[in-house]
Protein chains: 2
Amino acid sequence: MKTAARKFKDTIYQELSKTAKALGNPHRMEIIDLLAQGPFTVETIARYTGMTIANTSQHLQVLKNAQLVAINRKGNHIYYQLTGENVYATWTSLRELGMAHNAEVKKAIDDYRKGYHNGTAVTAAELLEKVHAGNAIVLDVRPEDEYHRGHIHNAISIPLDQLEKRIRELSKKQEIVAYCRGSLCMLVEEAVALLTQHGYKARKFDDGYMDWALKGYPTAMTI
Amino acid sequence: MKTAARKFKDTIYQELSKTAKALGNPHRMEIIDLLAQGPFTVETIARYTGMTIANTSQHLQVLKNAQLVAINRKGNHIYYQLTGENVYATWTSLRELGMAHNAEVKKAIDDYRKGYHNGTAVTAAELLEKVHAGNAIVLDVRPEDEYHRGHIHNAISIPLDQLEKRIRELSKKQEIVAYCRGSLCMLVEEAVALLTQHGYKARKFDDGYMDWALKGYPTAMTI
DNA sequence: CGGGCATTCAATAGATTTATTGAATAGATA
DNA sequence: TATCTATTCAATAAATCTATTGAATGCCCG
């Protein structure tokens, strides 16, 4: 026979583990990571993650049941978004833990970054100084709507997929510091490689926008 | 064909989800919660969680493979312990998230508390007043070492497992406000029930020490 | 060296999770 | 009202996770 205390604990841990289970799938982790940038439709999420629509929807239902995401109808589309900042905070916590304890993760990131030969990254403190001094072009290479929702103060937006054809908008004389979402987002690597290749003085800020914003550093948004 | 970027993401999310998966089981969550108190043997963990030894061992292997716990031989026993503070930090983050978003959890805690018929809890503001006025005994029922690391200003320490035999140290005339860790810790409920049963005027402060300290209310520590 | 004890391993059946498929639904638009 | 479109549901087979059992391992101590 179980004591009341045992039953209580069983319930609590059972319920709490549901949250962790919902996060414990690679596709759903990628979805959380993506939704941290803002609300997206099922179709967009599916395209980003390379899943079928039906499969994506199914994973979104799991996240919704665990109260990690919520929906928001707009016209013919349904936008999914995180239910709160604490969802992203927990995902960050898990990511940090994984990155600290899992050698495979470290190796994969290292290998991928090394493949680009993009030199060392600018630190947040260095970038803050550059932003204040105004002696560097800060370049946001994320998709444009993510830029509009929030970006580093004084940054300009050229999404990666437009960078090649719009590259003349940039100056070869000033240093360019490019950034994207951060941590696991590798848009910035491709951007810096492209810029360097075209003779620009480009460096990367690979902490990304989320980290910058979380530090309370200056941001802006356009409406 | 998958792009290099897609392969990279697959690897990363696959690996990161392993950590979340390891945490995504009620038994393993309880083990993590227990190991936060310090190292324990398999047998102790099994007894505490109500599992068989073999099953406990199996879950511990899962946690070990995910690098969340490590072993430490001592004589004939093997002690399991968390591999770092960040493991507990992540578990805390998950717990907070679950408690914030999961109605079942809130309800279970509520119901369990109600089962003790310990009356209503003292709010933090009320307790603050009582502490200032000095017209209540503030009683810390956590294990003694936790009391020493930090406690509510002017609280006295009688760990729950010593309360029955040391109960005469308390006065029946003054109101007693007991507290423990908070959230999932139910020591305080048992303490108040015991005190009431012995004719003391006891109430509970069930936010617990962590909440009190986080509010910036007065605390003290002994060395 | 050998008995005893704590822990792990291996096998298995039952439960849960996952991706895929094609059909169903619910809002918007006309 | 009928049609269109984005999204969800339902069914299924394959994969993975879980608890249980009993046997195997490895370490201590006499």
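Please read all numbers here as calculations on a predicted model, not as lab measurements. Protein chains get the first letters and strands the later ones, always in sequence-line order, with residue 1 at the start of each.
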Give the intermediate values and the outcome of salt bridge (Lys or Arg N to Asp or Glu O under 4.0 Å) for residues A/K106 and A/D110.
CA-CA 6 Å; A/K106 275 181 256 180; A/D110 245 47; over 6 Å; no
Spacing between [X] atom [atom1] and [N] atom [atom2], to the nearest angstrom:
{"X": "B/I71", "N": "D/dC27", "atom1": "CD1", "atom2": "C1'", "result": "12 Å"}
{"X": "A/M51", "N": "C/dT21", "atom1": "CE", "atom2": "P", "result": "15 Å"}
{"X": "A/L60", "N": "D/dC9", "atom1": "CG", "atom2": "C1'", "result": "14 Å"}
{"X": "B/I53", "N": "D/dT18", "atom1": "CD1", "atom2": "C1'", "result": "18 Å"}
{"X": "B/N65", "N": "D/dC17", "atom1": "CG", "atom2": "P", "result": "11 Å"}
{"X": "B/I45", "N": "C/dT7", "atom1": "CD1", "atom2": "C1'", "result": "12 Å"}
{"X": "A/E43", "N": "C/dG27", "atom1": "CD", "atom2": "P", "result": "20 Å"}
{"X": "A/K18", "N": "C/dT17", "atom1": "NZ", "atom2": "C1'", "result": "15 Å"}

Under 4.0 Å: is that the gap between some side-chain N or O of [X] and OP1 or OP2 of [N]?
{"X": "B/Q61", "N": "C/dT8", "value": "yes"}
{"X": "A/N76", "N": "C/dA28", "value": "no"}
{"X": "A/Y80", "N": "D/dT8", "value": "yes"}
{"X": "A/H77", "N": "D/dT5", "value": "no"}
{"X": "B/R73", "N": "C/dA6", "value": "no"}

Electrostatic pair A/E146-A/R181, nearest N-O below 4.0 angstrom
yes
Shortest non-hydrogen separation from B/A108 to A/T11 and the atoms involved
CB-CG2, 3.8 Å
Counting only side-chain heavy atoms from C-beta out, which of [options] sits nearest to [X]?
{"X": "A/Q58", "options": "D/dC27, D/dT7, D/dA10", "answer": "D/dA10"}
{"X": "B/K21", "options": "D/dC17, D/dT7, D/dA19", "answer": "D/dC17"}
{"X": "B/S57", "options": "C/dT8, D/dT20, C/dT18", "answer": "C/dT8"}
{"X": "A/V42", "options": "D/dA19, D/dT7, C/dA19", "answer": "D/dT7"}

Relative to the 5' end of DNA chain D, which residue comes earlier, A/Y79 or B/G75, by the nucleotide with the nearest heavy atom?
A/Y79
Upstream residue (5' side of DNA chain C) when A/G24 and A/A54 are each assigned their closest nucleotide:
A/G24
Of B/T41 and A/V62, whose nearest nucleotide on DNA chain C comes first from the 5' end?
B/T41
With ring centroids as reference points, do B/W212 and B/Y179 lie under 6.0 angstrom apart?
no
May I ask you to check whether over 12 heavy atoms, not counting those of B/K215, lie within 6.0 Å of atom NZ?
yes
